[in-house]
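To start, the structure itself, in structure tokens.
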Amino acid sequence: MIRIALPNKGRLAEDARELFEHAGLELEFRSERALQAALGGEYTALFVRAQDIPEFVADGAADLGITGRDLIEESGRTVTPLLDLGFGYCRLSVAVRDENPATSVAELPDGMRVATTFPNLTERFFRERGRTATIVRISGAAEITPLLGVADAIVDLVATGSTLRTNGLRELDTILESTALLIANPALMQDPERARSASEIAATLESVLRARDKRYLMANVPRRVLPEIRRILPGINGPTIVDVLDGGEIVAAHAVVDRRDINHVIAELKALGAEGILVTRIERLMP
Ligand code: AMP
């Protein structure tokens, strides 16, 4: 039985649950406040703090986990990354007050007080740039600390940058960029049966993620414009062309198209005389 540690709250938790749902792996809770649930009938989901997931996966308390790259790096624990899930984007940045003239960490004075919930990555980043920082360990809301006079700079997660701006701070340097990863216990991969289950889960999730950016497009087109259709609808191996029972003049062209290209592809098809254009979502895509 594979145990998967999932974040118990926040954006990462919502996105991870939605991903499993789209993959046909439903969570079945026995009670509202349950800390674990059956997942897709075959697996067990454990709900824990995102910060603790690298630890649990490294120790083998969970076989797999979903958490942010930032938290994995901060933990310093060895886990096997299986898949970048793409959601939960943020960056870990050094920020100073707007009026600070420094243009990089290298220009900051030694011994500066830096408030952060990421002491390990902060200490390493300053050290690599030839600087020492006095780390002020906090458990949240770093942005307020320069205003309170508790710190001279902060290292915190930035998504849109609006929290920094609101608090009169500006980004000086980026320590790392982060998205959510599917990770595995390193020993798990040596057990063939469990490794197979883990690879299956990774492949399933990957097929759902890949499908999100694609659409399946179908259109009836005149047979004589097929050379142009091939250019407009590259598809995976080229478009699929199917006969339409109209005596031969019209064929149906089917292809997988990038979501962002759909509107201009439709316009080009129409210009070539296409009719009956249909666009649908794809649940899974395994090229
Ligand atoms: P923003 O104002 O959009 O730049 O968001 C910054 C605030 O959201 C900070 O308080 C961060 O600590 C928090 N934040 C942003 N992204 C994440 C994330 N992926 N995980 C946890 N906290 C985050």
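Just so it is clear, the structure is predicted and the values come from calculations on it, not from any experiment. Atoms within a ligand are numbered from 1 in the order they appear, just like the ligands themselves.
Figure legend: R129 and F125 shown as a cation-pi pair, the cationic atom lying under 6.0 angstrom from the six-membered ring centre and within 45 degrees of its axis.
Between the side chains of D173 and S104, no donor-acceptor pair is found at a separation under 3.5 Å. Residues E171 and S93 have side chains that bring a donor and an acceptor to within less than 3.5 angstrom of each other. For N120 and E74, the side-chain atoms include at least one donor-acceptor pair closer than 3.5 Å.
The CE atom of M1 sits 10.0 Å away from atom OH of Y43, with the distance rounded to the nearest 0.5 Å.
Annotation: ligand 1 has protein neighbours G88, C90, E143, D156, L157, V158, A159, T160, G161, S162, T163, each with a heavy atom less than 4.0 angstrom from the ligand.
Legend: residues meeting ring-ring contact (aromatic ring centres under 6.0 Å, His included) with F29, ordered by chain and number and at least two apart, are F47.
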